[in-house]
Visitor: 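Here it is, the structure, as structure tokens.
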Amino acid sequence: MTPEFSRPERIDAIGARPRSVAIEADASERAALAVRFGLVSVDRLTATLSLHEETSGIVVTGQVEADVVQACVVTGAPLTTHVDEAVALRFVPDAEVPDGDEIELADDALDTIPYAGSAIDLGEAAAETMALALDPFPRGPEAAESLRAAGVVAEEEAGPFGALAALRDKLKR
């Protein structure tokens, strides 16, 4: 299945010298990505990337920028979010990705993405980078008041010490 925002780069055309690539999602691609990621809309998605081949795989670095509208998880109100996320990836053939055990990576290690076939997909990498940069539970400015009005207490008010805080407040009066 082809992703909504697909920008394949042929492996045999990459080479050892860094090459810059700029990509941008069109309106229909952005609409499909909004559906996929459960967003109100994706108003802009661009990536400026540099790619080159090394013995350890294809290295892609650069920047992903996006403007999206998410729904507040409490009120449903639209929240505009700007994404400006650095990208540092290493594409490796499927056969080189170990199965099973997790691998501990150093702080400066690149995220590894397996690929099959004769191309890597820069559009899908940009879309996933955008999605991972978003707050999974966005809350608007009215969220706290809406929760309070519905009788939901804040985390700091809940638990055993929350009840003691209420007692402390009564004793202060």
Side-chain angles (χ1 to χ4, degrees), residues 1-73 76-141 143:
M1 184 173 130
T2 302
E4 301 88 345
F5 178 41
S6 182
R7 296 295 186 276
E9 283 288 325
R10 291 181 47 88
I11 302 297
D12 60 3
I14 293 176
R17 297 179 94 183
R19 179 168 55 91
S20 293
V21 176
I23 59 175
E24 183 170 359
D26 66 27
S28 64
E29 291 166 332
R30 293 191 315 267
L33 287 170
V35 171
R36 174 178 164 193
F37 294 123
L39 303 169
V40 175
S41 68
V42 176
D43 298 331
R44 183 175 70 93
L45 173 57
T46 63
T48 305
L49 306 168
S50 174
L51 55 148
H52 67 277
E53 191 170 14
E54 295 181 350
T55 55
S56 59
I58 297 165
V59 175
V60 177
T61 57
Q63 209 69 22
V64 171
E65 290 192 50
D67 292 312
V68 304
V69 179
Q70 296 177 273
C72 173
V73 295
L79 302 171
T80 301
T81 304
H82 177 73
V83 173
D84 189 358
E85 192 73 14
V87 177
L89 306 170
R90 182 180 319 276
F91 288 85
V92 297
D94 269 339
E96 294 181 20
V97 178
D99 287 333
D101 295 336
E102 290 186 21
I103 302 170
E104 190 67 33
L105 297 175
D107 288 341
D108 61 347
L110 303 177
D111 287 335
T112 301
I113 299 177
Y115 70 87
S118 60
I120 60 172
D121 195 337
L122 299 178
E124 179 62 10
E128 289 178 5
T129 298
M130 174 200 71
L132 289 170
L134 295 172
D135 182 348
F137 304 104
R139 289 187 176 193

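For clarity, every value in this text was computed on a predicted model and none was experimentally measured.
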Visitor: I want to check something: taking the side chain as every heavy atom from C-beta on, are V60 and S50 in contact at a cut-off of under 4.5 Å?
Guide: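 Of all side-chain heavy-atom pairs linking S50 with V60, none is under 4.5 Å.
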Visitor: Can you check whether D26's main-chain N or O pairs, donor with acceptor, with E29's side chain at less than 3.5 Å?
Guide: yes
Visitor: Atom OG1 of T2 and atom CG of D121: how far apart are they, to the nearest 0.5 Å?
Guide: 8.5 Å
Visitor: When rounded to the nearest 0.5 angstrom, what distance separates CZ in F37 from CD in E4?
Guide: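 Rounded to the nearest 0.5 Å, the CZ-CD separation comes to 6.5 Å.
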Visitor: Minimum heavy-atom separation for A71 and G76, please, with both atom names.
Guide: CB-O, 3.9 Å
Visitor: State, without any angle test, whether E85 and T129 hold a side-chain donor-acceptor pair at a distance under 3.5 Å.
Guide: no
Visitor: Supply the atom-to-atom distance I58 CD1 to I11 CD1, rounded to the nearest 0.5 angstrom.
Guide: 3.0 Å
Visitor: Mark yes or no for whether R7, through its side chain, and L122, through its backbone, hold a donor-acceptor pair below 3.5 Å.
Guide: no
Visitor: Side chains of L110 and L89: does their closest heavy-atom pair fall under 4.5 Å?
Guide: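 They are not in contact (no side-chain heavy atoms under 4.5 Å apart), so the answer is no.
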Visitor: Nearest 0.5 Å, what's the CG-SG distance between L79 and C72?
Guide: 5.5 Å
Visitor: Could you pull out all residues at least two apart from A34 that satisfy side chain to side chain contact (heavy atoms under 4.5 Å, CB included)?
Guide: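 For A34 the side chain to side chain contact (heavy atoms under 4.5 Å, CB included) partners, ignoring immediate neighbours, are L39, V42.
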Visitor: Could you report the tightest heavy-atom contact between V73 and P136, atom names first, then the distance?
Guide: CG1-O, 4.5 Å
Visitor: Just by distance, do the side chain of Q70 and the backbone of D135 share a donor-acceptor pair under 3.5 Å?
Guide: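 Checking the backbone N and O of D135 against the side chain of Q70, a donor-acceptor pair under 3.5 Å is found.
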Visitor: Looking at E65 and D84, what are the two nearest heavy atoms and their distance?
Guide: CG-OD1, 3.6 Å
Visitor: How far apart are the closest heavy atoms of A116 and D94, and which atoms are they?
Guide: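 Of all heavy-atom pairs spanning A116 and D94, the closest is CB-OD2, 3.3 Å.
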Visitor: Any idea which heavy atoms bring F91 and A125 closest together, and the distance?
Guide: CZ-CB, 4.0 Å
Visitor: Which heavy-atom pair separates V92 from G57 by the least distance, and what is that distance?
Guide: CG1-CA, 4.3 Å
Visitor: Under 4.5 Å between any side-chain heavy atoms of D67 and T80, yes or no?
Guide: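 D67 does not reach T80 side chain to side chain.
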Visitor: Without swapping roles, check the side chain of R19 against the backbone of L51 for a donor-acceptor pair under 3.5 Å.
Guide: no
Visitor: Measure the spacing between CD1 of I14 and CD of E54 and express it to the nearest 0.5 Å.
Guide: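 Interatomic distance, I14 CD1 to E54 CD, rounded to 0.5 Å: 12.0 Å.
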Visitor: Passes side-chain contact (heavy atoms from CB on, under 4.5 Å), L45 versus V64? Steps please.
Guide: CA-CA 7 Å; L45 173 57; V64 171; 3.8 Å; yes
Visitor: Say you draw a straight line from CG of D12 to CD of E53; how long is it, rounded to the nearest 0.5 Å?
Guide: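 Those atoms lie 9.5 Å apart.
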